[in-house]
Each structure stands twice: as structure tokens, then as C-alpha cells.
**Q** 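The structure follows.
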Amino acid sequence: MPLTTRSLDVSTWDAFVELVERNNGIYGGCWCIAHHPEYERRVSEPRALKQHLVNEGRAQAALVFDEAGVAQGWCQYGKRDELLLKHKRAYEQEPPPRASWRIACIFVDKRHRRHGVARAALEGALAQIASAGGGRVEAISETTSGREAQDRFLFSATVELFEDFDFSRIRQVGKHAWIVSRTIAPA
């Protein structure tokens, strides 16, 4: 299926909303907001906060659209200080070289998984990062080699997908979780 990517911004907000609502708010109402430092659990209203950050240009993502122009997934990324990563305690015990960018979440509509949407989302995010000046990019992802992993643990995609895009494993920070990193040249 032919896929295209566009930046998450005011012009693509409605497509993002439709995708999130079609998927029960993403993981029960996350709205891909939990990695933003502004988010306060049980205090913040996820949709309103996400829209506020998008309107201010402080929430970046590569949205993936199918041939009909319907959003089917995204890759959320941002400057290092704009997004938190899971496994924070293990990460901070021995921090890797400082990154400019982070990839915190990759989501694909449940009916479009295993059709290249995550791959297109990551590729789109890396292109957007290159257009914004490039730099070192990091993520914490799960390895799936030799095991069946539940989708809810793969919200940051798989280590193997990142390795397909020349990311290197830096250090293990959880049973199956790894810090991965790559430097992106400016476009």
C-alpha cells in the first residue's frame, strides 16, 4: 500500500484526532502525551494538552497516510528536553552521549500493523529531523528477537526496526529494552 508522511501540525490535527479516536484514545486514552514533561498523570487532560502543544509547535510527529489520505500511524519525536523516555532510572545510571533528538513513540492503527506503517513513520521522522538540522537521535526500544512481544510493549517500535535504519544498540536498560542511537546528517 502506498504511504506518505506529513508533519503533525495544525493542518493535520484533524487527521491525527480521527486516528486516535478510531483507536480508543491510544492505549486507553494516552493521546501520545505521556512522554511530554508538561503532562501530569491524573491532572492533565491528554487531548487538550496535546492540541495545545501541537498549536504551539511543541509536539512533533511524522504522520503516515494511506492512499486514501487517512492517517494510519505516526512516529513522535522531539528535542531531547521536549520528551521523556521510559526506563529513566536505568538510563540515568550511565547516560549515553547526549542526543539532540528523541523518538518516544511509534503507533500504528491496529488494522494496519505489519504493512510498513511503522517503517514509513520512522523514515518520515528521520527526514523531518534532517530538515530541522539533524543531530544525534536516541530512543529506547524493545528487542523482539526470539520472543513474542505484546503490542502494548512496542509503542516505541522494535530495536530491530531501528537497526534497519542504522541505529546502534548503546546499552540495555530493561529485560528487553535498549537505548539505540544514530546521528542524522542535516538535509
Side-chain angles (χ1 to χ4, degrees), residues 5-13 15-17 19-21 23-64 71 73-108 118 121-122 124-142 152-159 162 167 170-174 176-184:
T5 58
R6 293 177 51 201
S7 296
L8 173 61
D9 59 26
V10 174
S11 72
T12 57
W13 174 255
F16 175 76
V17 168
L19 172 60
V20 172
E21 289 178 345
N23 286 276
N24 190 32
I26 308 303
Y27 304 112
C30 170
W31 280 82
C32 205
I33 196 68
H35 293 285
H36 290 278
E38 297 86 349
Y39 174 72
E40 295 179 60
R41 189 179 171 106
R42 295 188 184 92
V43 174
S44 300
E45 199 288 301
R47 178 184 174 154
L49 179 56
K50 188 69 168 193
Q51 186 169 17
H52 173 75
L53 294 174
V54 168
N55 289 345
E56 289 191 345
R58 295 190 300 134
Q60 292 88 34
L63 282 178
V64 179
W74 72 74
C75 176
Q76 176 181 252
Y77 68 92
K79 291 285 191 177
R80 184 182 197 278
D81 297 332
E82 295 174 343
L83 293 174
L84 306 173
L85 293 173
K86 62 183 181 174
H87 300 287
K88 181 180 178 183
R89 192 175 327 150
Y91 176 93
E92 290 177 348
Q93 284 177 348
E94 190 182 322
R98 188 168 174 83
S100 302
W101 299 91
R102 286 184 167 161
I103 293 174
C105 179
I106 296 178
F107 178 80
V108 176
L122 180 55
L126 296 177
Q128 290 174 21
I129 289 169
S131 292
R136 188 177 184 86
V137 181
E138 69 181 359
I140 293 181
S141 192
E142 297 274 327
R152 70 173 188 238
F153 294 113
L154 299 179
F155 64 85
S156 57
T158 66
V159 169
F162 280 98
F167 279 75
I170 303 301
R171 184 169 61 80
Q172 195 167 359
V173 290
H176 302 288
W178 286 81
I179 301 169
V180 294
S181 182
R182 173 185 171 193
T183 300
I184 302 296

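Keep in mind the model is a prediction, meaning the values are calculated, not measured.
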**Q** Please assess Leu85 against Glu138 for the test side chain to side chain contact (heavy atoms under 4.5 Å, CB included), listing each intermediate value before the final yes or no.
**A** CA-CA 9 Å; Leu85 293 173; Glu138 69 181 359; 3.8 Å; yes
**Q** Between Trp74 and Val20, does the side chain to side chain contact (heavy atoms under 4.5 Å, CB included) criterion hold? Intermediate values first, please.
**A** CA-CA 10 Å; Trp74 72 74; Val20 172; 3.9 Å; yes
**Q** Taking only residues two or more places apart in sequence or in another chain, which ones pass side chain to side chain donor-acceptor pair (under 3.5 Å) with Glu94?
**A** none
**Q** For a quick test of reading the model, state the closest non-hydrogen atom pair linking Ala104 to Leu83 and the distance between them.
**A** CB-CD1, 4.0 Å
**Q** Is any side-chain heavy atom of Tyr77 closer than 4.5 Å to one of Val137?
**A** no
**Q** Can you check whether Val17's main-chain N or O pairs, donor with acceptor, with Arg47's side chain at less than 3.5 Å?
**A**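 No; judged by distance alone, with no hydrogens or angles, the pair does not exist.
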**Q** Going by heavy atoms in the side chains, are Trp178 and Thr158 under 4.5 Å from each other?
**A** no
**Q** Please lay out, stage by stage, how His52 and Glu45 fare under the test side-chain hydrogen bond (donor to acceptor under 3.5 Å, both in side chains).
**A** CA-CA 11 Å; His52 173 75; Glu45 199 288 301; over 6 Å; no
**Q** Applying side chain to side chain contact (heavy atoms under 4.5 Å, CB included) to Ser11 and Arg6, what does each step give before you reach the verdict?
**A** CA-CA 10 Å; Ser11 72; Arg6 293 177 51 201; 3.6 Å; yes
**Q** Which atom pair, heavy atoms only, marks the closest approach of Cys30 to Pro46?
**A** O-CB, 3.7 Å
**Q** I need the Ile106 CD1 to Ser141 OG distance, nearest 0.5 Å.
**A**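 Rounded to the nearest 0.5 Å, the CD1-OG separation comes to 7.0 Å.
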**Q** Take Trp101 and Lys79 through the test side chain to side chain contact (heavy atoms under 4.5 Å, CB included) and record every step on the way to the result.
**A** CA-CA 4 Å; Trp101 299 91; Lys79 291 285 191 177; 3.6 Å; yes
**Q** Taking the side chain as everything from C-beta on, heavy atoms only, tell me whether Val64 gets closer than 4.5 Å to Val108.
**A** no
**Q** Given side chains that start at C-beta, do those of Tyr91 and Pro96 come closer than 4.5 Å, heavy atoms only?
**A** yes
**Q** Which residues pass the side chain to side chain donor-acceptor pair (under 3.5 Å) test with Thr5, not counting sequence neighbours?
**A** none
**Q** Distance from Ser44 atom OG to Glu38 atom CD, nearest 0.5 Å?
**A**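 So the gap between those two atoms works out to 9.0 Å.
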**Q** Check Ala125 against Cys75 and note the closest heavy-atom contact, atom names and distance.
**A** CB-SG, 3.6 Å
**Q** State, to 0.1 Å, how close Ala62 and Gly124 come at their nearest heavy-atom pair, and which atoms those are.
**A** CB-C, 3.6 Å
**Q** Who passes side chain to side chain contact (heavy atoms under 4.5 Å, CB included) against Arg98, sequence neighbours left out?
**A** Arg80, Asp81
**Q** Please round to the nearest 0.5 Å and tell me the distance separating atom CG of Leu49 and atom CZ of Arg58.
**A** 8.0 Å
**Q** Output the distance between atom CG (Leu63) and atom CH2 (Trp13), rounded to the nearest 0.5 Å.
**A**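 Leu63 atom CG to Trp13 atom CH2 measures 10.0 Å (nearest 0.5 Å).
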**Q** Write down the atom of Gly135, the atom of Ser100, and the distance for their closest heavy-atom approach.
**A**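 Looking at all heavy atoms of both residues, the shortest contact is CA-OG, 4.2 Å.
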**Q** Have a look at Ile140 and tell me which of Arg171, His87, Arg102 forms a side-chain contact (heavy atoms from CB on, under 4.5 Å) with it.
**A**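 Exactly one pass, corresponding to His87.
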**Q** Are the side chains of Phe107 and Asn23 in touch, meaning some heavy atoms are under 4.5 Å apart?
**A**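 They are in side-chain contact.
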**Q** Evaluate the side-chain proximity of Ser7 to Gln128: yes if any heavy-atom separation is below 4.5 Å, no if none is.
**A** yes
**Q** Answer whether the closest heavy-atom distance between the side chains of Glu82 and Gln60 falls below 4.5 Å.
**A** yes
**Q** To the nearest 0.5 Å, how far apart are CG in Leu19 and CD1 in Ile26?
**A** 5.5 Å
**Q** Rounded at 0.5 Å granularity, tell me how far CD1 in Ile179 sits from CD in Gln172.
**A**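 Reported value, rounded in 0.5 Å steps: 10.5 Å.
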**Q** Please report the shortest heavy-atom distance between Ala61 and Gln76, naming the atom on each side.
**A**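 Heavy atoms of Ala61 and Gln76 come nearest at CB-CA, 3.9 Å.
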**Q** Flag the pair Thr12 / Val54 as yes when at least one side-chain heavy-atom distance between them is below 4.5 Å, and no otherwise.
**A**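 No; the side chains remain at least 4.5 Å from each other.
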